[in-house]
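Shown below is the structure under consideration.
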Amino acid sequence: MQQYNVGIIGATGMVGQRFITLLHNHPWFNITALAASPRSAGKTYAEAVGNRWSMKDAMPSGVAAMPVYNAITDVEKIAEMCDFVFCAVDMEKNEIKALEEQYAKAECPVISNNSAHRGTDDVPMIIPEINPGHAEIIHAQRKRLGTKRGFIAVKSNCSLQSYVPALGTLEKFGIKNVLACTYQAISGAGKTFETWPEMVDNVIPFIGGEEEKSEREPLKIWGKIKGDKIVPTDGIYITAQCIRVPVSDGHMAAVFVKFENKPSKEEILNIWKNFSGEPQKLELPLAPKQFLHYHDEDNMPQTKLNRDDEKGMAVSVGRLREDSQYDYKFVCLSHNTVRGAAGGAVLMAELLAAKGWFE
């Protein structure tokens, strides 16, 4: 596989830091540019991050000495240095949309962790194992932007990565109604217990904007390309409740689902056990060998025990059983800053690289 030079826009935040750890020694991608806010620009990465390094692994020494560019004013310079960039900035949504389009129009593809473009009709929102074909909309997006190489592709909300894959493998049975309650780690808010002591021994039953994303984004993931846009699926009704819990990493979901054609429990378990998506077939570097891990024990999966399965890239599922009001209920778990954020974006970039979208 060809080597690619990549940049990280928003490199000093928690997701940016996770990008650093996942891309360090990556077999295909070499970090050549780091960018952040104007207050970090001009410093070395180590100086810009200071005492805010939140990863378990030490900051790679080569990255520590790299200069930090201004994410807003150094677009052209960064575009010249990189084959594509990962974006995880903390800005207003309209500012993010404009910035990502600026990079794309500078012929630098953007793999975004941000939510700003998730609702844009011609921007693919890809879970690599579930809807890799949505990359084809990039042709229409390039036409709109007037670019040859530049485009934007996004990953979905981090909590969706825990349970939408398990549901997505069951689409052929006709998903009708879904109720999902997510129990989300504090790193999803970019926090640690040191920076957010109020979360110790506490639960907050509200995460701004999260329930709306949870009810809307799966419909686009399960949608179809029609003309120059991705049209969300209709006929599936989702309701969600999102709760912040005192956990460092790992989003869990309790899911209830009703089908048009109810499968047997054995059929569902067989599908989950044998499912293999495009990343597994292509043997992408970050792809988990087994995407969906089903646990038979009543008390599994558990956040502390399973969030790091397959280096945090697997989805853990358990407690599948029939329900009195829906057809089935089950629980799911994924690592929110690995599979749910930076890792999901890197895997998407690997998929796009393998398919030639960066050429």
Side-chain angles (χ1 to χ4, degrees), residues 93 114-121 125-127 129-131 134 154-186 188-189 202-224 230-247 250-263 265 268 271-272 292 294 301 303 315-336 339-341 344:
K93 182 176 277 193
N114 301 111
S115 65
H117 273 292
R118 290 180 193 158
T120 305
D121 291 340
M125 180 165 59
I126 296 173
I127 297 178
E129 286 89 350
I130 301 301
N131 62 332
H134 278 194
V154 299
K155 54 154 289 300
S156 72
N157 179 271
C158 53
S159 66
L160 299 190
Q161 306 278 328
S162 62
Y163 64 92
V164 167
L167 285 171
T169 62
L170 307 175
E171 259 195 290
K172 68 179 182 180
F173 299 110
I175 299 169
K176 286 178 62 180
N177 299 89
V178 176
L179 184 157
C181 295
T182 59
Y183 306 90
Q184 302 190 26
I186 62 173
N202 194 22
V203 167
I204 298 177
F206 174 72
I207 305 172
E210 202 77 358
E211 286 155 5
E212 294 83 354
K213 295 173 191 173
S214 300
E215 293 171 355
R216 184 176 61 245
E217 290 182 16
L219 305 182
K220 181 175 181 179
I221 292 168
W222 295 327
K224 305 293 182 189
I230 298 170
V231 177
T233 190
D234 56 8
I236 299 178
Y237 302 94
I238 303 172
T239 185
Q241 185 117 292
C242 301
I243 300 169
R244 189 73 71 192
V245 294
V247 167
H251 287 353
M252 184 171 280
V255 184
F256 302 75
V257 59
K258 191 171 187 64
F259 298 97
E260 288 178 14
N261 302 296
K262 181 181 176 181
K265 181 177 179 180
I268 295 174
I271 288 170
W272 286 344
L292 301 174
Y294 187 81
T303 304
V315 172
S316 297
V317 191
R319 302 205 68 208
L320 176 67
R321 58 220 191 274
E322 293 198 45
D323 183 66
S324 59
Q325 297 177 51
Y326 290 75
D327 288 331
Y328 289 99
K329 52 191 171 187
F330 56 92
V331 296
C332 288
L333 169 74
S334 67
H335 196 302
N336 57 296
R339 166 56 77 164

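Both backbone and side-chain heavy atoms feed into the values below; hydrogens, waters and symmetry mates do not. Numbering starts at 1 and runs along the sequence shown. The structure displayed is predicted, hence computed values, not measured ones.
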Over all atoms of both residues, closest heavy-atom pair of G223 and H134: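 So the two residues come closest at O-NE2, 3.0 Å.
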From S316 OG over to L292 CG, what is the distance, rounded to the nearest 0.5 angstrom?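 It comes to 9.0 Å.
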Less than 4.0 angstrom from a charged side-chain N to a carboxylate O is my criterion; do E129 and R339 meet it? yes
For P218 and E215, which heavy atoms make the closest approach, and how far apart are they?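 Nearest pair, atom of P218 first, then E215: CD-C, 4.2 Å.
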Quick one, V247 and I186 - any side-chain contact, counting heavy atoms below 4.5 Å?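 With C-beta onward as the side chain, the pair stays apart.
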Looking at residues at least two apart in the chain, or sitting in another chain, which of them share a side-chain contact (heavy atoms from CB on, under 4.5 Å) with E217? R118, M125, S156, N157, L160, K213
Inter-residue atom distance N336.CG - M252.CE, 0.5 Å rounding: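 Nearest 0.5 Å value for the CG-CE distance: 12.0 Å.
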For K265, which residues count as a side-chain contact (heavy atoms from CB on, under 4.5 Å) partner, sequence neighbours excluded?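 K265 satisfies side-chain contact (heavy atoms from CB on, under 4.5 Å) with L269, L320, Y328 once adjacent residues are dropped.
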Nearest 0.5 Å, what's the SG-CZ distance between C332 and R319?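 C332 atom SG to R319 atom CZ measures 12.5 Å (nearest 0.5 Å).
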Please name all residues satisfying side-chain contact (heavy atoms from CB on, under 4.5 Å) with D327, sequence neighbours left out, ordered by chain then number.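 Expected list: K258, F259, K262.
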Sequence neighbours excluded, which residues qualify as side-chain hydrogen bond (donor to acceptor under 3.5 Å, both in side chains) partners of T120?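 By the side-chain hydrogen bond (donor to acceptor under 3.5 Å, both in side chains) rule, T120 matches H117.
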Set of residues satisfying side-chain contact (heavy atoms from CB on, under 4.5 Å) with respect to E171, sequence neighbours excluded: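 Scan of E171 (side-chain contact (heavy atoms from CB on, under 4.5 Å), adjacent residues dropped) gives I175, W222.
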With rounding to the nearest 0.5 Å, note down the distance linking CG in L167 to OG in S162.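 Rounded to the nearest 0.5 Å, the CG-OG separation comes out at 9.5 Å.
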Of all heavy-atom pairs linking P165 and V315, the shortest is CG-CG2, 4.4 Å
Given side-chain contact (heavy atoms from CB on, under 4.5 Å), test N114 with V154 step by step and report yes or no. CA-CA 7 Å; N114 301 111; V154 299; over 6 Å; no
Please report the C-alpha distance between H251 and L333 in whole Å, then the side-chain angles of each, then the deciding distance to 0.1 Å, and finally whether the side-chain contact (heavy atoms from CB on, under 4.5 Å) criterion is met. CA-CA 6 Å; H251 287 353; L333 169 74; 5.9 Å; no
Checking side-chain contact (heavy atoms from CB on, under 4.5 Å) for the pair I230/K224: CA distance, chi angles, key distance, verdict? CA-CA 6 Å; I230 298 170; K224 305 293 182 189; over 6 Å; no
Point-to-point distance, once rounded to the nearest 0.5 Å, from CD of E210 to OG of S115: 9.5 Å
Taking A185's backbone N and O only, do any of them form a donor-acceptor pair with R244's side chain (distance below 3.5 Å, no angle check)?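 Yes, the answer is positive, given that a donor and an acceptor are paired below the 3.5 Å cut-off.
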Qualifying residues under salt bridge (charged side-chain N to carboxylate O under 4.0 Å, His left out), relative to K220, sequence neighbours excluded: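 Residues passing salt bridge (charged side-chain N to carboxylate O under 4.0 Å, His left out) with K220: none at all.
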Would you check if I238 and S214 make a side-chain contact, meaning some heavy-atom pair closer than 4.5 Å? no
Quick one: OH on Y294 to CD1 on I268, what's the gap to the nearest 0.5 Å? 9.5 Å
Contact between I236 and L219 at the side-chain level, heavy atoms closer than 4.5 Å - yes or no?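 Contact flag for I236/L219 side chains = yes.
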Quick one: does D323's side chain get under 4.5 Å of F330's, heavy atoms only?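 No - every pair of side-chain heavy atoms lies 4.5 Å or more apart.
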Set of residues satisfying side-chain hydrogen bond (donor to acceptor under 3.5 Å, both in side chains) with respect to T169, sequence neighbours excluded: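 If we apply the side-chain hydrogen bond (donor to acceptor under 3.5 Å, both in side chains) test to T169, skipping adjacent residues, the hits are W272.
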Minimum heavy-atom distance E211-A240, with the two atoms named: CG-O, 3.5 Å
Show every donor-acceptor pair shorter than 3.5 Å between a side-chain atom in residues 176-183 and any protein atom, with sequence neighbours excluded, or say none if there are none.
residue: T182; atom: OG1; partner: Q184; partner atom: NE2; Å: 2.8

Verdict with reasoning, V255 to Y163, per side-chain contact (heavy atoms from CB on, under 4.5 Å): CA-CA 7 Å; V255 184; Y163 64 92; 3.6 Å; yes
